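These notes are about the structure you will find just below.
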Amino acid sequence: MSSSTDPSHSAALADAKAWPFEEARRLIKRLERLPGGAEKTVIFETGYGPSGLPHIGTFGEVARTSMVRHAFETLTDGRWKTRLICFSDDMDGLRKVPDNVPNKEQLAAALDRPLTSVPDPFGTHESFAHHNNARLRAFLDRFGFDYEFFSATECYRSGMMDATLLKMLAVYDEVMAIILPTLGPERQATYSPFLPVSPVSGKVLQVPMIARDVAKGTVTYVDPDSGETIETPVTGGRVKCQWKADWAMRWTALGIDYEMAGKDLIDSVTLSSRICKALGGTPPEGFNYELFLDEKGQKISKSKGNGLTIDEWLRYASPESLSLYMFQKPKAAKRLYFDVIPRAVDEYLQFLAAYKAQEGKARVENPVWHVHNGAPPTADLPITFALLLNLVAASNAHDKDVLWGFISRVAPGATADEHPLLDQLAGYAVRYYEDFVAPKKQFRAADDVEREALTALSEQLAKAPANASAEELQAILYDVGRKIPRYQDFAAKGATPEKPGVSSTWFNAIYNVLLGEEKGPRFGSFIELYGVENTRALIAKGLAGELVTKPAEG
RNA sequence: GGGCGGGUAGCUCAGUGGUAGAGCAUCUGACUUUUAAUCAGAUGGUCGAGGGUUCGAUCCCCUCCCCGCUCACCA
């Protein structure tokens, strides 16, 4: 609450090295040399293609851009107004039918039409683009990002782009000179920065321009469906720009100051920047982040289904931990797979715990400052997420209550009320248990000796005092095992011929038959937390063969 | 071929112009008469190679090697 008025803040900020600050400083330099930069509203943009759904990369880009925005606002003490535009390129033509949608025939019939003119295969929105735009907005809203949504179709139709489109027409030759050398011979022959929307077929046409009239603001082309020669204004949404030209046009028309992109777009950024200059604009400051790799260091691709989806991440960990992951080393090719999650969570918790004791400079270098827009919550957890995952695996904890029993043993006095964050983590841990631990359990049937032993155990437990402690329950376990020759261990520390030790075979049998595990918790503690009655019921089920893992079927 | 990233302990990775770090793994010990967990400690590195700058380089500069990604058709 009181974080941003720290008097030492400005001094701390001067040489803050975290990358969002470096980015913010570049942005300040840009504004200093940009005509009218001092009064400009600073505009950040992230782009989105609505032929697919938002994914973990979408999150990363918006999260990182927001971090730069916030660093900038802090560094400049709010002297500049800022906006973040999430721009949906929804006038783009539908290139191919996605695999993961219903009503594919319907889409196939609409190929090449602007995405806002393609019927929604889910039947819930005005168009396919509207559908996916809505998904994008819901996605961004879920994380509380502060942004403004822009639709390319609306921008074009509203006339917002007109002035820049006319300028593009005026510098047509220059634009062609920038793009043509980068294309192969076939594409060179047909290339145009303008893609007219056919009044005949409704398609976004990739056709050569056979004439243009700067004074009238028109281009002329041959419509491939009718064979007619058509002259059309470039304004009002009748014409869309081809990709790199489009980007440049958008930057210029909207006055974009900052936009990040993946490193696969480095060349596109360069070309679009040159076009932007030809249009009389100043290309935005940019930042190229690395792409993510999967577990084996392979590129993540949606079609291969490798890597990790954002839903998977959020099933096992918080958005903040993902945000931290995005903050860290944006220029390194990081592997993104399940195992990085617990680490990200624990690092997040560690940074969060450190934050409150830090001051000025250390605070703005602390990732949680960036993750939480300068106002991290105070939290200090008694245990780590990694430990929680171990606990849940060892404790047979199907639900949070059982897990909390184990947590409070490790962290005496901790309660869900006092530690809502830990309670949240416990929920994540239980899911992890259900998804990863439980399916791997291998229960086996008890043999005769084990049946007898477990039956005896159940009987002895029934006689145990109501509030038996873990130690007392543990003693019962030993006493039951001690009477059975298979489990006697005369070599154990402190064993005597009269009172043999109990071998680990006994406990292993318990784990195998009752928990489906090779190893397990200290069983007396387990019974105390799991409950004597529950444990007896578990034994009954085990002996009835209800737990036994069926041979793999399908 | 152009661009980018990486090469640090067995593994996964932090890191800083000034005595090399964490987690996991391994080993030892403590506590539990089992195991898991926990705690204490130990082992373990030519910081990819060579040169340069520097009093001093894992870090900065140059050259090279290896791995990976990416662009060159489309967005």
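Since this is a predicted model, take the numbers as computed values, not measurements. Because only heavy atoms are used, hydrogens play no part in the values below, and waters and symmetry mates are left out as well, while side chains stay in. Lettering follows sequence order; numbering is per chain, from 1.
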Quiz item: Contact class for A/Gly184 (heavy atom, under 4.0 Å): base, sugar-phosphate, or nothing?
Solution: sugar-phosphate
Quiz item: What integer number of Å spans the C1' atoms of B/U28 and B/A20?
Solution: 24 Å
Quiz item: Can you check the A/Leu477 CG to B/U32 P distance for me, whole Å?
Solution: 18 Å
Practice problem: Quickly, which of A/Lys331, A/Lys329, A/Arg335, A/Lys263 forms a salt bridge (charged side-chain N to carboxylate O under 4.0 Å, His left out) with A/Glu290? Name it, please. | Solution: A/Lys263
Quiz item: Looking at A/His370 versus A/Phe21, is the centre-to-centre ring distance below 6.0 Å?
Solution: yes
Quiz item: Looking only at atom P, what distance separates B/C69 and B/A75, rounded to whole Å?
Solution: 25 Å
Quiz item: Between A/Trp19 and A/Phe327, is there a donor-acceptor pair closer than 3.5 Å when you use the side chain of the first and the backbone of the second?
Solution: yes
Quiz prompt | Selection from B/U33, B/A75, B/C13 that lies nearest to any side-chain heavy atom of A/Tyr478 | solution = B/U33
Quiz item: So, is A/Gln188 near the phosphate of B/A72, with a side-chain N or O under 4.0 Å from OP1 or OP2?
Solution: no
Practice problem: Quick one: label A/Glu347 by what it contacts on the DNA or RNA (base, sugar-phosphate, nothing), any heavy atom closer than 4.0 Å. | Solution: nothing
Quiz item: To the side chain of A/Arg343, which of B/A22, B/C73, B/C69 is closest?
Solution: B/A22
Self-check item: A/Phe507 ring over B/U34 six-membered base ring, under 5.5 Å and 30°
Solution: yes
Practice problem: Tell me what A/Asn288 touches on the nucleic acid: a base, only sugar-phosphate, or nothing, going by heavy atoms under 4.0 Å. | Solution: nothing
Quiz item: Given the side-chain rings of A/Tyr316 and A/Phe338, with only the six-membered ring counted for Trp, is the space between their centroids under 6.0 Å?
Solution: yes
Quiz item: Considering only B/A75, B/C69, B/G2, which nucleotide approaches the side chain of A/Ser268 most closely?
Solution: B/A75
Quiz item: Roughly how many Å is it from CD in A/Glu186 to P in B/C73, rounded to a whole number?
Solution: 9 Å
Exercise. May I have the distance from A/Glu365 (atom CD) to B/G15 (atom P), rounded to whole angstrom?
Key: 12 Å
Exercise. In whole angstrom, give me the gap between the P atoms of B/G3 and B/G41.
Key: 50 Å
Practice problem: Sort out the partner of B/C13 for me: Watson-Crick or G-U wobble, both distances under 3.5 Å, none otherwise. | Solution: B/G21
Practice problem: With C1' as the reference atom in both, quote the distance from B/A9 to B/A42 in angstrom, rounded to an integer. | Solution: 14 Å
Quiz item: Whole Å only: how far is the CG atom of A/Leu115 from the C1' atom of B/C74?
Solution: 14 Å
Practice problem: Find which nucleotide of RNA chain B each of A/Asp267 and A/Asp92 is nearest to by heavy atoms, and output the residue with the more 5' nucleotide. | Solution: A/Asp267
Exercise. Remember a base hit wins even if backbone is also touched, and classify A/Ser51 as base, sugar-phosphate or nothing at under 4.0 Å, heavy atoms.
Key: nothing
Quiz item: From B/A75, B/U70, B/G5, pick the nucleotide closest to the side chain of A/Leu291?
Solution: B/U70
Practice problem: Verify, without hydrogens or angle tests, whether A/Glu312 (side chain) and A/Thr309 (backbone) share a donor-acceptor contact under 3.5 angstrom. | Solution: yes
Exercise. For B/C74 and B/G51, measure between their P atoms and round to the nearest Å.
Key: 47 Å
Practice problem: In whole angstrom, give the distance that lies between atom OH of A/Tyr191 and atom C1' of B/A75. | Solution: 12 Å
Self-check item: Test applied, ring pair (Phe, Tyr, Trp, His ring centres under 6.0 Å); reference residue, A/Tyr325; option that passes from A/Tyr348, A/Tyr337, A/Phe59, A/Trp313
Solution: A/Trp313
Quiz prompt | Of the listed nucleotides B/U70, B/A75, B/G68, the one nearest the side chain of A/Glu290 | solution = B/G68
Quiz item: Should B/G1 form a Watson-Crick or G-U wobble pair with both distances under 3.5 Å, which nucleotide is its partner?
Solution: B/C71
Self-check item: Pairwise C1' distance for B/A49 and B/C39, with rounding to whole Å
Solution: 43 Å
Self-check item: Donor-acceptor under 3.5 Å (A/Asp89 side chain, A/Tyr48 main chain)
Solution: no
Quiz item: Rounded to the nearest Å, what distance is computed from the CD1 atom of residue A/Ile527 to the C1' atom of nucleotide B/U34?
Solution: 14 Å
Exercise. Return the nucleotide paired to B/G41: Watson-Crick means purine N1 to pyrimidine N3 with N6-O4 or O6-N4, wobble means G-U with N1-O2 and O6-N3, both under 3.5 Å.
Key: B/C27
Practice problem: Using a 4.0 Å heavy-atom cut-off across all strands, classify A/Lys331 as base, sugar-phosphate, or nothing. | Solution: sugar-phosphate
Practice problem: For the residue pair A/Phe507 and A/Tyr478, categorise the inter-ring angle as parallel (less than 30°), tilted (30 to 60°) or perpendicular (more than 60°). | Solution: perpendicular
Exercise. Please tell me which of the listed nucleotides, B/C69, B/A75, B/U34, lies nearest to the side chain of A/Gln206?
Key: B/A75
Self-check item: Separation of B/A14 P from A/Phe351 CZ (nearest whole Å)
Solution: 12 Å
Practice problem: Determine whether any donor atom in the side chain of A/Gln474 lies under 3.5 Å from an acceptor atom in the base of B/U33, or the reverse, and answer yes or no. | Solution: no
Quiz prompt | Length of the CD-C1' vector between A/Gln350 and B/A14, whole Å | solution = 11 Å
Quiz item: P atom, B/A14 versus B/U8: distance in rounded Å?
Solution: 11 Å
Exercise. Respond yes when some side-chain nitrogen or oxygen of A/Lys329 is under 4.0 Å from OP1 or OP2 of B/A14, and no when none is.
Key: yes
Exercise. Would you classify A/Leu265 as touching base, sugar-phosphate or nothing, given that sugar-phosphate means primed atoms plus P, OP1 and OP2, and contacts are heavy atoms under 4.0 Å?
Key: base
Quiz item: Is there a Watson-Crick or G-U wobble partner for B/C60 with both distances under 3.5 Å, and if so, which one is it?
Solution: B/G52
Exercise. Using the P atoms only, state how far B/U63 lies from B/C59, rounded to an integer number of Å.
Key: 15 Å
Quiz item: Would you call the rings of A/Trp251 and A/Trp247 parallel, tilted or perpendicular, where under 30° means parallel and over 60° means perpendicular?
Solution: tilted
Exercise. Report yes if a donor N or O on one partner sits less than 3.5 Å from an acceptor N or O on the other, where the partners are the side chain of A/Lys263 and the base of B/C71; otherwise report no.
Key: no
Quiz item: With a 4.0 Å cut-off on heavy atoms, is A/Tyr487 in touch with a base, just the backbone sugar-phosphate, or nothing at all?
Solution: nothing
Quiz item: Can you tell me if the side-chain N/O atoms of A/Gln242 get under 4.0 Å from OP1 or OP2 in B/A75?
Solution: yes
Quiz item: So, does the side chain of A/Tyr511 form a donor-acceptor pair with the base of B/U35 at under 3.5 Å?
Solution: yes
